[in-house]
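Just follow the structure's listing: the first ligand is 1, and inside any ligand the first atom is 1. In this chain, numbering begins with 1 at the start of the sequence shown. Hydrogens, waters and symmetry mates are skipped; everything else that's a heavy atom, side chains included, is used. Everything numeric in this text was worked out from a predicted model, so none of it was measured.
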Amino acid sequence: MAAQPDACKALDPHVLRHDFPIFQRTVHGKPLIYLDNAATTQRPQAVINAIIEYYQRYNANVHRAVHTLSHEASVAYEGAHKKAAKFVNARSWREIIFTRNATEAINLVAYAWGLHNLQPGDEVLVTIMEHHSNLVPWQMLRELKKIELKFLDVTDQGRLKLDDLPKLITRRTKLVGMIYASNVLGTINPVREIIAEAQRVGAITVVDAAQAAPHIPIDVQALGCDFLAVSGHKMLGPTGVGFLYGRRELLEAMHPFLHGGDMISTVTTESVTFNELPWKFEAGTPNIAGGIGLGAAIDYLLALGVENVYAHEQKLLAYALEKLSQIDDLEIYGPKDTHDRLAVISFNLKGVHPHDVAGILDEAGIAVRSGHHCAQPLMRRLGMENTARASFYIYNSEDDVDALVDALKTVRKLFA
Ligand code: 7TS
């Protein structure tokens with residue numbers, strides 16, 4: 001049974017770990033220390049159970065039949081949309097479209113809004129900090145629609161240069177895309193301010209919240225964004241499901257993304273009318289089990305309190321930055337303070353390739369990522385090609401930081 005700590009109390013990672021069956025295994029004979037949460041998190045038993053229960057007890061297609069199993073599956077799947085709506089404080093669950101992941105959510109905006117609304121000469125502004133998933137779709141539109149793509153720069157410390165905004169946002173700016181929190185540097189961006197600037201010229205705003213949603217409370221109404229993309233697997237949910245929040249008036253006015261079954265209302269040989277929201281944007285049989293699993297993940301996170309998740313990670317971040325700074329020849333990227341920063345720490349050990357660092361840490365049972373983290377323009381801007389990256393979540397403790405620091409000291413000795 002999932003632990004349900006009091007929302008006012010600090011999270012205890014040692015207790016929470018028991019909810020995650022994966023921590024029963026070892027890696028190279030060592031207890032698993034999982035520090036690759038920015039890539040994907042682990043799943044609690046409650047999420048695994050929700051998926052098993054669907055397949056074992058009410059497996060059926062949704063929206064198509066009057067029989068009991070289909071009704072139960074439909075209620076559960078629709079219920080997951082309602083949970084997602086609550087999670088990001090959308091006005092209506094009809095503003096929540098389930099997708100495969102954050103990448104598909106952003107592509108939905110690019111194809112269903114961008115392709116039909118952008119004209120040659122229009123401008124799209126994104127930050128240089130974007131994950132490729134909020135960059136390459138706009139590059140695709142640059143080719144197809146002859147738009148101009150502009151970039152908001154970062155400081156060497158990895159904070160956005162907000163002072164540049166007034167000159168970058170012009171009357172021709174039609175869309176502003178921004179990463180809420182960086183998957184490389186951990187920086188949490190002032191998206192509310194950027195959205196307010198974009199709104200001055202009537203531009204559409206797209207927030208990539210793939211990294212933010214698992215760690216900080218999201219409120220789309222307070223942000224005032226038009227679209228916001230989330231991946232389920234980065235917030236304890238299954239792979240293969242994420243969602244797009246879209247402002248209702250925009251979604252109503254937009255063309256569909258994919259065409260076929262479920263997204264229609266009536267079809268004749270001559271014409272077609274589209275289904276109501278959100279089904280207009282969910283063509284074909286959806287990932288029903290995944291959606292229900294994501295609903296269970298949201299239940300779990302809301303029971304913990306996302307603000308408590310952030311508070312826990314802030315403590316871990318401060319501890320980790322302090323401990324890691326004691327290692328000679330270790331360069332840490334991103335903001336040096338813990339203010340508006342996730343517990344995502346990219347680093348390099350001088351003279352050692354990050355893949356070697358990750359390989360040796362793996363021998364110690366420690367999972368970290370190494371590479372360009374799908375943010376090559378940012379890496380290039382900051383003068384680096386690859387980094388190792390440790391990213392923390394609710395089940396990580398100061399013990400995990402200590403193990404990481406010890407293992408890095410071993411790497412340093414090996415390469416001395
Ligand atoms: N946006 C951000 C900010 C991300 O960090 C990622 C994935 C995505 C979008 C794409 O998510 P997907 O679920 O559609 O693939 N980031 C990472 C990472 O940092 N390491 O592996 C995946």
Any A102 heavy atom less than 4.0 Å from ligand 1: yes

With atoms numbered from 1 as shown, which atoms in ligand 1 lie under 4.0 angstrom from a non-hydrogen atom of A38? 17 (C), 18 (C), 19 (O)

What atoms of ligand 1 come within less than 4.0 Å of a heavy atom belonging to A39? 20 (N), 21 (O), 22 (C)

Can you say whether the rings of H132 and H372 are parallel (under 30°), tilted (30 to 60°) or perpendicular (over 60°)? tilted

Could you tell me if any non-hydrogen atom of H233 lies under 4.0 Å from any atom of ligand 1? yes

Parallel under 30°, tilted from 30 to 60°, perpendicular over 60°: which one fits the rings of H81 and W279? perpendicular

Shortest protein contact, atom 5 (O) of ligand 1 (heavy atom only): Q211 NE2, 2.7 Å

Can the ring centres of F20 and Y34 be said to be less than 6.0 Å apart? no

Mind checking whether S133 has a heavy atom under 4.0 Å from ligand 1? yes

Would you find more than 12 non-hydrogen atoms of other residues, nucleotides or ligands less than 6.0 Å from Y111 atom OH? no

Test item, K234 contacting ligand 1 (heavy atom, 4.0 angstrom): yes

Is the shortest distance from a Lys or Arg side-chain nitrogen in R159 or D337 to a carboxylate oxygen in the other one below 4.0 Å? yes

Could you label the plane-to-plane angle of the H215 and Y393 rings as parallel, tilted or perpendicular, counting under 30° as parallel and over 60° as perpendicular? perpendicular

Test of understanding: given a 4.0 Å heavy-atom threshold, classify the contact between A210 and ligand 1 as side chain, backbone, both, or neither. side chain

Selected option - heavy-atom contact closest to atom 8 (C) of ligand 1, from E104, R389, R100, H131: H131

Ionic contact status for D328 with K350, cut-off 4.0 Å: no

State the atoms of ligand 1, each with its element, that fall below the 4.0 Å cut-off from a heavy-atom position in I179. 3 (C)

Considering only heavy atoms of S231, which atoms of ligand 1 have at least one such atom less than 4.0 Å away? 11 (O), 12 (P), 13 (O), 14 (O)

Whether D122 and R172 form a salt bridge (side-chain N of Lys/Arg under 4.0 Å from carboxylate O of Asp/Glu) is what I want to check. no

Would you say H132 touches ligand 1, if touching means a heavy atom closer than 4.0 Å? no

Heavy-atom nearest option to atom 2 (C) of ligand 1, drawn from N134, N183, D208, T103: D208

Looking at K86, I want to see if its NZ is surrounded by more than 12 non-hydrogen atoms of other residues, nucleotides or ligands under 6.0 Å. no

